[in-house]
Amino acid sequence: MRRKTDLTWSDVTPKSLWLSRRGLLAGAGGLALGAGALAGPAAARIEAAKSPLSTDEAPNSFEDITTYNNFYEFGTDKGDPAANAAALTTDPWAIEIGGMVDRPGTYDLADVVKGQPIEERIYRFRCVEAWSMVVPWIGFSLSGLLNRVGVQSGARYVAFETLVRPEEMPGQTRPILDWPYREGLRLDEAMHPLTILATGLYGEEMPKQNGAPIRLVVPWKYGFKSIKSIVKISLVADQPQTTWNMLQPSEYGFYSNVNPQVDHPRWSQASERRIGAGIFAGRQDTLMFNGYADQVASLYAGQDLAKDF
Ligand SMILES: Nc1nc2c(c(=O)[nH]1)N[C@H]1C(S)=C(S)[C@@H](COP(=O)(O)O)O[C@H]1N2
Ligand SMILES: [Mo]
């Protein structure tokens with residue numbers, strides 16, 4: 001366990017130094033991590049290879065990423081997850097993988113991760129509420145896991161569910177959302193190399209407020225698609241029910257691709273506020289598919305994205 005007083009190097013290292021150190025380590029063999037010597041007592045480090053899929057935009061600070069969160073199981077204020085998530089038991093952890101797969105079962109977390117190449121993926125992250133961050137995730141491509149369990153030919157979608165445990169998740173004692181939190185992807189979206197299961201960030205195990213021990217990250221979609229603390233993955237034939245779409249289908253679509261041309265009914269999606277940029281920074285333009293259009297636009301060829309929002 002990491003004690004409150006134990007700061008790790010990402011807490012205490014200025015971003016510029018962290019970035020230059022990252023560059024140095026990259027030169028020294030392609031591994032971004034292994035900086036234990038700087039750290040003193042630290043949370044478990046995760047070794048991760050750098051990825052060409054990372055952005056070179058500067059990551060947000062560890063503090064921004066871990067204190068400004070949406071995780072309604074712990075409350076609806078941005079500070080609630082950081083205040084309440086420490087109580088969540090994340091070890092042991094298992095994921096039930098089922099539906100149209102060759103090897104269904106309940107897999108321990110270690111077994112889920114086993115054999116998957118762990119990479120650092122520095123991604124832009126755009127919430128539907130029109131704020132954004134840059135996060136140095138650690139994880140592996142969801143496709144690697146799906147290939148391992150064997151996707152059967154009838155499967156067209158992947159459905160995900162978060163843990164239900166109201167004893168540890170105070171938000172779940174109230175009907176804020178229809179628990180469990182549910183999300184889903186079309187199979188081609190799930191198999192896309194940008195789509196990852198993240199087990200950490202800033203080179204450390206995933207902080208609980210960010211979705212420990214394992215969460216989805218789909219960087220070209222609004223943040224609510226990136227479901228946290230996953231306990232169930234199902235391969236299914238039909239488009240699954242998803243939490244925000246169930247709550248308000250006119251406002252939150254199944255696809256929820258970042259799209260500056262399709263506004264939310266109650267606010268514009270044309271621009272965004274970068275968390276941590278400072279009060280004088282101003283808003284920045286939101287990019288089609290959150291800047292990942294070159295990689296993902298072809299998935300939606302022939303679709304009307306105003307209709308399939
Ligand atoms: N289980 C669960 N997953 C969730 C949410 C949630 O409330 N519950 N919030 C979503 C939303 S709206 C966003 S913006 C991101 C926030 O991720 P972060 O706190 O790591 O930035 O998590 C998404 N995944
Ligand atoms: Mo969000």
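Keep in mind that this is a model prediction, so the values were computed, not measured.
Residues Glu129 and Arg266 are not paired through a salt bridge, judged by the lack of any N-O separation under 4.0 Å between the basic side chain and the carboxylate.
Here the closest heavy-atom approach between residue Gly291 and residue Leu287 is recorded as N-CB, 3.4 Å. Smallest separation of non-hydrogen atoms from Thr242 and Glu183: CG2-OE1, 3.5 Å. Residues Ile65 and Pro136 approach most closely at CD1-CD, 3.7 Å, considering heavy atoms. Shown here for Ala85 and Lys208, the closest heavy-atom pair between the two residues is O-CD, 3.3 Å. Heavy-atom minimum distance, Ala155 versus Leu187: O-CD2, 3.4 Å.
At least one side-chain heavy atom of Trp137 sits under 4.5 Å from a side-chain heavy atom of Phe125. Residues Tyr107 and Val149 form a side-chain contact, since some pair of their non-hydrogen atoms from C-beta on lies under 4.5 Å apart.
With Phe254 as the aromatic partner, Lys225 meets the cation-pi criteria of under 6.0 angstrom to the ring centre and within 45 degrees of the ring axis.
Expressed to the nearest 0.5 Å, how far CD1 of Ile95 lies from CD1 of Ile214 amounts to 4.5 Å. If you take CZ on Arg215 and OG1 on Thr162, they are separated by 9.5 Å, rounding to the nearest 0.5 Å. Of the inter-residue distances, the one linking Lys307 atom NZ with Tyr255 atom OH reads 9.0 Å to the nearest 0.5 angstrom. Distance check: Glu119 CD to Ser141 OG gives 6.0 Å after rounding to the nearest 0.5 Å. Between atom CD of residue Glu161 and atom CD1 of residue Ile227 there is a gap of 7.5 Å, rounded to the nearest 0.5 Å. Atoms CG and CG, on Asp91 and Leu109 in that order, are 8.0 Å from each other to the nearest 0.5 Å.
Side-chain atoms of Ser61 come within 3.5 Å of backbone N or O of Asp64 as a donor-acceptor pair. At least one donor-acceptor pair closer than 3.5 Å links the side chain of Asn60 to the backbone N or O of Ile275. No donor-acceptor pair closer than 3.5 Å links the side chain of Asn69 to the backbone N or O of Pro81. A distance-only check finds a donor-acceptor pair linking the side chain of Lys228 to the backbone of Gln209 [under 3.5 Å]. At distances below 3.5 Å, not a single donor-acceptor pair connects side-chain atoms of Arg124 with backbone N or O atoms of Met133. Using modelled atom types, no side-chain atom of Arg103 and backbone atom of Val101 make a donor-acceptor pair closer than 3.5 Å. Remark: the backbone N or O of Glu63 is paired with a side-chain donor or acceptor of Thr67 at under 3.5 angstrom. With Trp267 contributing its side chain and Val128 its backbone, the two residues share a donor-acceptor pair below 3.5 Å. A donor-acceptor pair under 3.5 Å is absent between the side-chain atoms of Arg121 and the main chain of Ser54, judged by distance alone. Here the side chain of Asp80 pairs a donor or acceptor atom with the backbone of Asp77 at under 3.5 angstrom.
Within 6.0 Å of the CD atom in Gln241, the count of heavy atoms belonging to other residues, nucleotides or ligands does not exceed 12. Summarising the local packing, CZ of Arg156 is surrounded by 12 or fewer heavy atoms from other residues, nucleotides or ligands at distances under 6.0 Å. Summarising the local packing, CG of Asp56 is surrounded by 12 or fewer heavy atoms from other residues, nucleotides or ligands at distances under 6.0 Å.
In summary, of the residues considered (Leu194, Val135, Thr55), a side-chain contact (heavy atoms from CB on, under 4.5 Å) with Tyr123 occurs for Leu194 alone.
Two different hydrophobic clusters hold Val236 and Met246 under the rule that ILVMFWY side chains link at heavy-atom gaps under 4.5 Å. The cluster map of Ile, Leu, Val, Met, Phe, Trp and Tyr, joined by side-chain heavy atoms under 4.5 Å apart, puts Leu177 and Val164 in different clusters. In the hydrophobic clustering of this structure, Leu216 groups with Leu53; members are Ile, Leu, Val, Met, Phe, Trp, Tyr whose side-chain heavy atoms approach within less than 4.5 Å, directly or through other members. The cluster map of Ile, Leu, Val, Met, Phe, Trp and Tyr, joined by side-chain heavy atoms under 4.5 Å apart, puts Val296 and Val262 in different clusters. Both Val231 and Leu142 sit in one connected hydrophobic cluster of ILVMFWY residues. Membership requires side-chain heavy atoms under 4.5 Å apart, directly or through other members.
Using modelled atom types and a 3.5 Å distance limit, the side chains of Ser132 and Arg274 yield a donor-acceptor pair. Remark: the Thr286 side chain and the Glu272 side chain contain an N/O donor-acceptor pair separated by less than 3.5 Å. Judged by distance alone, the side chains of Gln269 and Asn259 never bring a donor and an acceptor atom under 3.5 Å apart. There is no side-chain donor-acceptor pair under 3.5 Å between Asp108 and Trp93. For the residue pair Thr89/Glu168, the side-chain donor-acceptor check at 3.5 Å is satisfied. There is a side-chain donor-acceptor pair under 3.5 Å between Glu189 and Tyr300.
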Practice task
List the steps, then state whether salt bridge (Lys or Arg N to Asp or Glu O under 4.0 Å) holds for Asp308 with Arg186.
Solution key: CA-CA 12 Å; Asp308 294 337; Arg186 214 170 55 191; over 6 Å; no
Exercise for the section: Take His192 and Leu299, measure what side chain to side chain contact (heavy atoms under 4.5 Å, CB included) needs, and give me the verdict at the end. Expected result: CA-CA 9 Å; His192 193 280; Leu299 297 178; 4.1 Å; yes
Practice task
Show your reasoning for whether ring pair (Phe, Tyr, Trp, His ring centres under 6.0 Å) applies to Tyr252 and Phe224.
Solution key: CA-CA 9 Å; Tyr252 308 101; Phe224 67 83; 5.6 Å; yes
Exercise for the section: For the pair Phe289 and Tyr292, evaluate ring pair (Phe, Tyr, Trp, His ring centres under 6.0 Å) and give the outcome as yes or no after the intermediate values. Expected result: CA-CA 5 Å; Phe289 296 113; Tyr292 298 97; 9.7 Å; no
Problem - Working for side chain to side chain contact (heavy atoms under 4.5 Å, CB included), residues Asn70 and Trp131 - result: CA-CA 12 Å; Asn70 278 332; Trp131 53 264; 3.8 Å; yes
Exercise for the section: Let me see the working for Leu88 and Ser229 under side chain to side chain contact (heavy atoms under 4.5 Å, CB included), right down to the final yes or no. Expected result: CA-CA 10 Å; Leu88 181 66; Ser229 303; 4.1 Å; yes
Exercise for the section: Would you check, one step at a time, whether the test side chain to side chain contact (heavy atoms under 4.5 Å, CB included) holds for Ile196 with Val218? Expected result: CA-CA 7 Å; Ile196 59 170; Val218 192; over 6 Å; no
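You'll find the ring centres of Trp179 and Tyr72 outside the 6.0 Å limit.
Relative orientation of the Phe62 and Tyr202 rings is perpendicular, given thresholds of 30° and 60° on the angle between their planes.
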